[in-house]
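Accompanying notes for the structure given below.
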2 protein chains.
Amino acid sequence: MTDGLDNAAEDRELLFDRIRNALADEIATGKLEAGAALDEQQLADRFGASRTPVREALRQLAANGLVEVRARRGVVVARMTPERIMDMFETAAEIEAMCVRLATYRMTPLERSHLIELHDASEPIVKKGDFDAYDTFNRAFHEAIYHATHNSFLAEEAIAIRHRLMAFRRAQLQQEERLDRSRAEHEAIMQAIAEGDGEMASRRMRAHMLNAATALRRFIEANKFG
Amino acid sequence: MTDGLDNAAEDRELLFDRIRNALADEIATGKLEAGAALDEQQLADRFGASRTPVREALRQLAANGLVEVRARRGVVVARMTPERIMDMFETAAEIEAMCVRLATYRMTPLERSHLIELHDASEPIVKKGDFDAYDTFNRAFHEAIYHATHNSFLAEEAIAIRHRLMAFRRAQLQQEERLDRSRAEHEAIMQAIAEGDGEMASRRMRAHMLNAATALRRFIEANKFG
DNA sequence: GAACGTATTTTTGCATACACAAAACAGCCT
DNA sequence: AGGCTGTTTTGTGTATGCAAAAATACGTTC
C-alpha cells in the first residue's frame with residue numbers, strides 16, 4: 001500500500017523554495033498587489049540571492065497561477081479579483097462534489113471506517129474550538145475522500161486546487177459557529193455516504209464548499225480586498 | 001506532424017520552449033521510457049544548449065506532470081501506466097461533464113447559437129473524413145463549452161487537462177466510425193443543452209468522453225503500450 | 001505641439017563558472 | 001563475504017557574465 005503523502009521530506013529548504021513561499025505569501029496577503037511587475041534582479045537583491053533561484057521561484061508561482069509570465073516581458077502578479085476567487089471556489093466545490101460521489105461508490109470498507117474514525121475524532125476539536133487542529137483534521141478528511149475515489153490523478157488535482165485556494169487562508173474564517181456548521185455539514189455528507197447515495201453526498205459536499213466560499217466572500221467584501 | 005500543442009501566441013519561440021516541446025513529444029511517444037533519468041548536462045549537449053533552458057523546460061514538464069523532480073536528486077520521466085492514463089481520462093470526462101452542466105444553465109443565447117454553428121459546421125468535415133480538421137473543430141467545440149460556464153478558472157483548468165491528455169494523441173484513434181460516433185454524441189449533447197437539461201447533457205458528455213477513452217484503451221492494450 | 005525615428009537604458013534569456021550535496025566507489029575492519 | 005567509513009565522482013543548486021530584445025529617453029522633422 002502506498003501511503004499517500006510522502007513528500008514531507010524537505011530536509012534543507014532549497015533557496016528557490018524559500019523565495020517561492022515568501023512571494024506566495026506576499027501575494028496571498030496582498031502585500032504585492034495585483035498587476036505589479038516583479039523584477040528579477042530587484043527580487044534577487046531583496047532576498048540576498050541571485051536571479052537564478054528567483055527565476056525558478058517565479059516559474060513555479062506561474063504554474064500555481066499566482067503570477068503571469070509574458071515571454072521576454074517579465075512577470076506580473078496575477079490579478080486576483082473577488083470574482084476569480086469565487087470561480088476558484090466554485091471549481092473546487094464541484095471537484096470535491098465529484099470526488100465524494102465517486103468515493104461513495106468505490107470506497108472500501110476499510111476506507112469507510114477510516115473516514116468515520118476521522119469524523120468522530122473531530123468532535124472534541126470542535127468542542128474545544130481549536131481552529132488549527134480543525135484545519136488539520138479538515139484537510140485529512142477531504143484528502144481521505146480524494147483517496148477513496150481510487151483515481152490517483154483526480155486526487156492529485158483535487159489536492160492541487162485545495163493548495164491553491166489555501167493561499168487565501170488569511171481569511172481563515174475563524175468564526176465559532178462556522179466550525180460547528182462545518183462539522184454538521186460533514187455529518188450530513190457522512191450520512192449520505194453511509195447510505196451509498198453518491199448523488200446526495202455530492203450535493204451536500206457542494207453546498208458545504210459553497211457555504212465556506214460564501215463566508216469568505218463576506219469577509220472579502222467587508223475588508224475591501226482585491 | 002505533432003505541432004500546435006501550445007498556443008500560437010508565441011512570436012519567436014524561446015529556447016526552453018523548443019526543448020520542452022521536444023522532450024514532451026519524446027515522452028509522449030515513449031521514446032523516453034518511464035523512470036528514465038534526465039541528466040541536465042546530457043540534455044543540454046543533445047540540444048546544443050546550456051543547462052539553464054534545459055532546467056526550465058524540465059520544471060515546466062514537471063508542472064504538466066510528465067516528469068518528476070526529486071530535490072537534489074535529479075529528474076525522471078513520470079511513469080505513465082495505462083491505469084494512470086485511464087485515471088486522467090476519467091478525470092477529464094468528469095470535468096467536461098461538469099462544464100457542460102454549468103454551461104447549459106448559464107450560456108447566453110449568443111453562446112448557444114455559436115455552439116450550434118460550430119456543431120453544424122462539423123458535418124461536412126465528418127463526411128470528408130478529415131481527421132485534422134475534426135480535431136480542430138472538436139477542440140473549439142469543447143472550449144466553447146468551457147467558456148460558456150462563465151467560470152474562467154474552471155475553463156482554464158479544463159483546457160489544461162485537455163492539453164495534458166493531448167500528449168497521448170499518438171493514439172489518435174483515426175478510425176472512420178469513431179468520427180461518426182463522436183459527432184452523433186455531440187448531437188445528443190446539443191439536444192440536451194437545447195432542452196436546458198444540464199444533468200442529461202452532463203451524463204451524455206461523460207459517456208462521450210469515456211467512449212473515446214475506451215477506444216484509446218483498446219489501442220493501448222493492442223500495442224502493448226505502457 | 002505631435003509624430004516619428006534613433007540612441008540609451010533596462011531587463012530578460014542564455015551561457016559559463018563554481019559550490020556543495022548525494023550517489024558511487026574503494027579500502028579497511030570485523 | 002559482508003558491512004562500515006572515507007574518498008572520489010557525478011550532478012544539482014546557485015552565482016555571475018554577456019548578448020539580444022523591450023522599454024524608455026531623446027532629438028529631429030513636420
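First the proteins, then the strands, lettered A, B, ... as listed; each starts at 1. Because only heavy atoms are used, hydrogens play no part in the values below, and waters and symmetry mates are left out as well, while side chains stay in.
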Legend entry - Pair A:E26 + A:R46: basic N to acidic O under 4.0 Å: yes
Legend entry - Ion pair check, B:E56 and B:R18, cut-off under 4.0 Å: no
Legend entry - Distance below 4.0 Å between B:R18 side-chain N/O and C:dG13 OP1 or OP2: no
Legend entry - B:V75 vs B:T52, nearer the 5' end of DNA chain D by closest nucleotide: B:V75
Inset, instruction - Between A:R73 and A:A49, name the one whose nearest nucleotide on DNA chain D is closer to the 5' end. - result: A:A49
Inset, instruction - Remember a base hit wins even if backbone is also touched, and classify B:E40 as base, sugar-phosphate or nothing at under 4.0 Å, heavy atoms. - result: sugar-phosphate
Inset, instruction - Look at all strands and tell whether A:L38 reaches a base, only sugar-phosphate, or nothing, counting heavy atoms closer than 4.0 Å. - result: sugar-phosphate
Inset, instruction - Would you mind reading off the distance between A:R55 atom CZ and D:dT16 atom C1', rounded to a whole angstrom? - result: 14 Å
Inset, instruction - Write down the distance between CD (B:Q41) and P (D:dG13), rounded to a whole number of angstrom. - result: 14 Å
Inset, instruction - Look at the side chain of B:R51 against the base of D:dG11 and say whether a donor-acceptor pair falls under 3.5 Å; ignore hydrogens and angles. - result: no
Inset, instruction - Kindly state whether the ring of A:H142 and the ring of A:H186 have centres lying under 6.0 angstrom apart. - result: yes
Legend entry - Donor-acceptor under 3.5 Å (B:R79 side chain, B:A34 main chain): no
